[in-house]
Amino acid sequence: QVQLVESGGGLVQAGGSLRLSCTASGRTFSDYAMGWFRQAPEKQRELVAAIAAGGTPIYVDSMKGRFTISRDNAKNTVYLQMNSLKPEDTAVYYCAADRVLHSVVSGTNDYWGQGTQVTVSS
């Protein structure tokens, strides 16, 4: 079992920045691909970014340039730096983990965090 705990969400004005963190426990963190998803009200959950166990990042084209995913294996933590935030970025952001990168990218991963709310005001 892998437990994922997100933090760092909150209310921010448009144009501002937030950094989300997701700390994992229960298994060897460096063996796992990680990802961030988001779900806005009445919308489907969507991939924001993923990062392979080896550290290679993958971004959704629409978010490339504003969001940066990174990981610190020594801290068992994956981060999502979000800059130039827009009201349409408002959503619950979820951390995801799986041994297989493709599973994270496709949203079929084994483990999810509980989510953290990000609200961007205009």
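This chain uses plain numbering: 1 for the first residue, then up along the sequence.
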Return the set of residues passing salt bridge (Lys or Arg N to Asp or Glu O under 4.0 Å) with R45 (not counting sequence neighbours), or none when no residue passes.
none
What verdict does the side chain to side chain contact (heavy atoms under 4.5 Å, CB included) test give for T56 and I51, after you've listed the backbone C-alpha separation in whole Å, the side-chain angles of each residue and the deciding distance to 0.1 Å?
CA-CA 5 Å; T56 301; I51 188 164; over 6 Å; no
Which residues pass the side chain to side chain donor-acceptor pair (under 3.5 Å) test with T68, not counting sequence neighbours?
none
How would you list, by chain and number, every residue that makes a side chain to side chain donor-acceptor pair (under 3.5 Å) with T77, sequence neighbours excluded?
T23
Could you work out, with side chain to side chain donor-acceptor pair (under 3.5 Å) as the rule, every residue matching S121, not counting sequence neighbours?
none
Please determine whether residues V60 and V92 belong to a single hydrophobic cluster, defined as Ile, Leu, Val, Met, Phe, Trp and Tyr linked transitively by side-chain heavy-atom distances below 4.5 Å.
yes
Nearest heavy-atom approach of A40 to T90 is CB-O, 3.6 Å
Taking disulfide (SG to SG under 2.5 Å) as the cut-off, I'd like each qualifying pair that reaches into residues 30-73, sequence neighbours left out, listed once.
none
Which pairs with one or both residues in residues 67-95 pass ring pair (Phe, Tyr, Trp, His ring centres under 6.0 Å), sequence neighbours excluded?
none
Here the gap from L85 atom CG to L18 atom CG, rounded to the nearest 0.5 Å, amounts to 5.5 Å
Please, which pairs that meet salt bridge (charged side-chain N to carboxylate O under 4.0 Å, His left out) have at least one residue in residues 2-17, sequence neighbours excluded?
none
Heavy-atom closest pair, residues M34 and A97
SD-CB, 3.5 Å
Point-to-point distance, once rounded to the nearest 0.5 Å, from CG of L80 to CE of M63
9.5 Å
Non-neighbouring partners of D31 that pass salt bridge (Lys or Arg N to Asp or Glu O under 4.0 Å), sequence neighbours left out
R99
According to the ring pair (Phe, Tyr, Trp, His ring centres under 6.0 Å) rule, which pairs have a member within residues 14-53, sequence neighbours left out?
F37-W112
Can you run down the side-chain hydrogen bond (donor to acceptor under 3.5 Å, both in side chains) pairs that involve residues 57-67, sequence neighbours left out, and say none if there aren't any?
D61-K64, R66-D89
Note: I69 and G35 closest approach over all heavy atoms is CD1-CA, 4.3 Å
Nearest 0.5 Å, please: how far is CD in Q81 from CG in N83?
4.5 Å
Could you give the distance from CG (N76) to CD (Q3), rounded to the nearest 0.5 Å?
11.5 Å
Sequence neighbours excluded, which residues qualify as salt bridge (Lys or Arg N to Asp or Glu O under 4.0 Å) partners of E46?
R38
Spacing of S103 atom OG and N109 atom CG [to the nearest 0.5 Å]
7.0 Å
Taking every heavy atom of S122 against every heavy atom of A14, the minimum-distance pair comes out as CA-CB, 4.3 Å
Contacts satisfying disulfide (SG to SG under 2.5 Å) that involve residues 11-122 (not counting sequence neighbours) are C22-C95
Worked verdict on L20 versus V118 for side chain to side chain contact (heavy atoms under 4.5 Å, CB included):
CA-CA 9 Å; L20 306 182; V118 171; 4.0 Å; yes
Closest approach of A24 to L4 (non-hydrogen atoms, all atoms of both residues)
CB-CD2, 3.6 Å
Atom pair NZ/OG of K75 and S21 - distance to nearest 0.5 Å
9.0 Å
Work out which heavy atom in A50 is nearest to a heavy atom in V104; give both atom names and the distance.
CB-CG1, 4.0 Å
When you compare the side chains of T108 and S106, does any donor N or O come within less than 3.5 Å of an acceptor on the partner?
yes
